[in-house]
Amino acid sequence: MIIDFHAHTGDMRGSPSEPRLPMTWERLIVFLDAHGIDRAVHLPVYNASPEGAPPAFAVTDARMSVHDQVIDALRYPDRIIPFGNVDPRWGGNHPDTDFGPVLDWFLDHGCTGVGEVTAHVPFDDPRVINLFRQCGDHGLLVTIESTGMIETGYGLMDDPGMPRLERLLRACPQTTIIGHGPGFWSEMSSDITPELKWSYPKGPLAGEGATWRLMRECPNLYADLSAMSGYNAITRDPPAGVRFLNEFQHKLLFGTDTCFADAQGYVGHREYLDGLLAQGALSPAAYDAIMAGNALRLLNGR
Ligand SMILES: [Zn+2]
């Protein structure tokens, strides 16, 4: 069993003339089949998130609403595990907004989580803590997108060392948060700088960074290995990557974050992990946990 914990559909081209193949539902199923992936967690990317949306979003894909993506996901009950999505600024941009009605709607429609949360505000913003607490109260997982304290871009923001994510984790102990994105994975090495926070740092680790510490100290923190950020984190220093995979084998989730249906941009997480299994660097038990076992435990039979 293989579960991709980070999948998308939609048209994420910057313009309609960009020569990329948008990911439709049908193409996502073909992608899963081609890579031997049994099921995928679908994270809605939506056109109401201004900093996350490419310029052509609203006109190139009319279905980029969270509602429609959750409803569409239900057409593939054997293959797709739906997540909802919420921006912490919705509902009037208050730190005490009641997200109960929308979270209840997600639960009523088979969602197991919320994400990825891409709002460009600090992790410890009261609006973020408010949303994440309510997700935990509803038994919904939350997948994050992360970056540094930069004016442009998207993703929840943090300083080097991830003090703001740590505050959020400790403020919401009942909420399972799934780490993802450059801001999270750039912290594998202790020599992090503000400039490196939103990048893909290369080379051997100077020492274990905040990613290791938070994974050890916070029982409510998990992480998906998807995208170039996750791949870079476990491959930049191969022996350290193997050590990380083994130590956190019960908290890591295989994922791809594939945004287009063409081969361009494909990151070979599956092939890399298969290679570690073949070399004996990962035990069959650790491999199975990362590829599906941890996901099944978090999804709790749903
Ligand atoms: Zn993503």
Side-chain angles (χ1 to χ4, degrees), residues 3-14 20-25 27-28 31-32 35 37 39-54 57 60-61 63-66 69-70 72-73 80-88 106 111-121 123 128 132 135 140-148 153-158 165 176-186 197-200 222-234 252-262 264-270 295 298:
I3 297 178
D4 180 347
F5 217 85
H6 197 124
H8 296 296
T9 55
D11 186 347
M12 302 192 202
R13 292 175 297 173
R20 299 296 306 270
L21 199 57
M23 186 65 93
T24 61
W25 288 100
R27 288 172 184 155
L28 176 58
F31 169 81
L32 299 179
H35 293 278
I37 299 170
R39 300 171 73 196
V41 170
H42 180 268
L43 309 177
V45 176
Y46 52 93
N47 56 17
S49 176
E51 56 285 86
F57 228 37
T60 52
D61 194 331
R63 295 178 310 143
M64 297 308 292
S65 78
V66 174
Q69 293 183 68
V70 170
D72 283 352
I80 302 296
I81 301 155
F83 265 39
N85 210 344
V86 182
D87 189 300
F106 290 152
C111 295
T112 51
V114 164
E116 58 195 288
V117 177
T118 59
H120 197 54
V121 292
F123 274 107
V128 178
F132 279 50
C135 289
L140 290 161
L141 313 167
V142 189
T143 296
I144 56 168
E145 170 64 305
S146 58
T147 188
Y154 69 104
L156 292 157
M157 296 189 281
D158 211 339
L165 174 59
T176 297
I177 296 175
I178 297 159
H180 163 79
F184 181 79
W185 286 119
S186 62
K197 266 296 276 187
W198 57 90
S199 73
Y200 306 89
Y222 283 65
D224 82 45
L225 296 167
S226 72
M228 183 52 74
S229 55
Y231 183 82
N232 182 58
I234 57 168
L252 295 173
L253 304 152
F254 166 73
T256 63
D257 199 6
T258 303
C259 295
F260 292 96
D262 49 52
Q264 183 185 336
Y266 175 74
V267 182
H269 299 82
R270 173 84 198 271
L298 285 183

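When a ligand or atom number is given, it counts from 1 through the structure's own listing order. FYI, the numbering just counts along the sequence from 1.
Atom CG of residue Asp257 and atom CG of residue Leu225 lie 12.0 Å apart, to the nearest 0.5 angstrom.
In terms of modelled atom types and a separation under 3.5 Å, the side chain of Ser146 and the main chain of His180 share a donor-acceptor contact. Formation of a donor-acceptor pair under 3.5 Å by the Asn85 side chain with backbone atoms of Val66 is not found in this model. Arg20 contributes no side-chain N or O that, together with a main-chain N or O of Asp262, makes up a donor-acceptor pair within less than 3.5 Å.
Glu116 has its closest N, O or S atom to the Zn ion (ligand 1) at the position named OE2.
The Zn ion (ligand 1) has an N, O or S atom of His6 inside 2.8 Å of it. Residue contact annotation: Asp257 places an N/O/S atom under 2.8 Å from the Zn ion (ligand 1). Among the atoms of His8, an N, O or S atom falls under 2.8 Å of the Zn ion (ligand 1).
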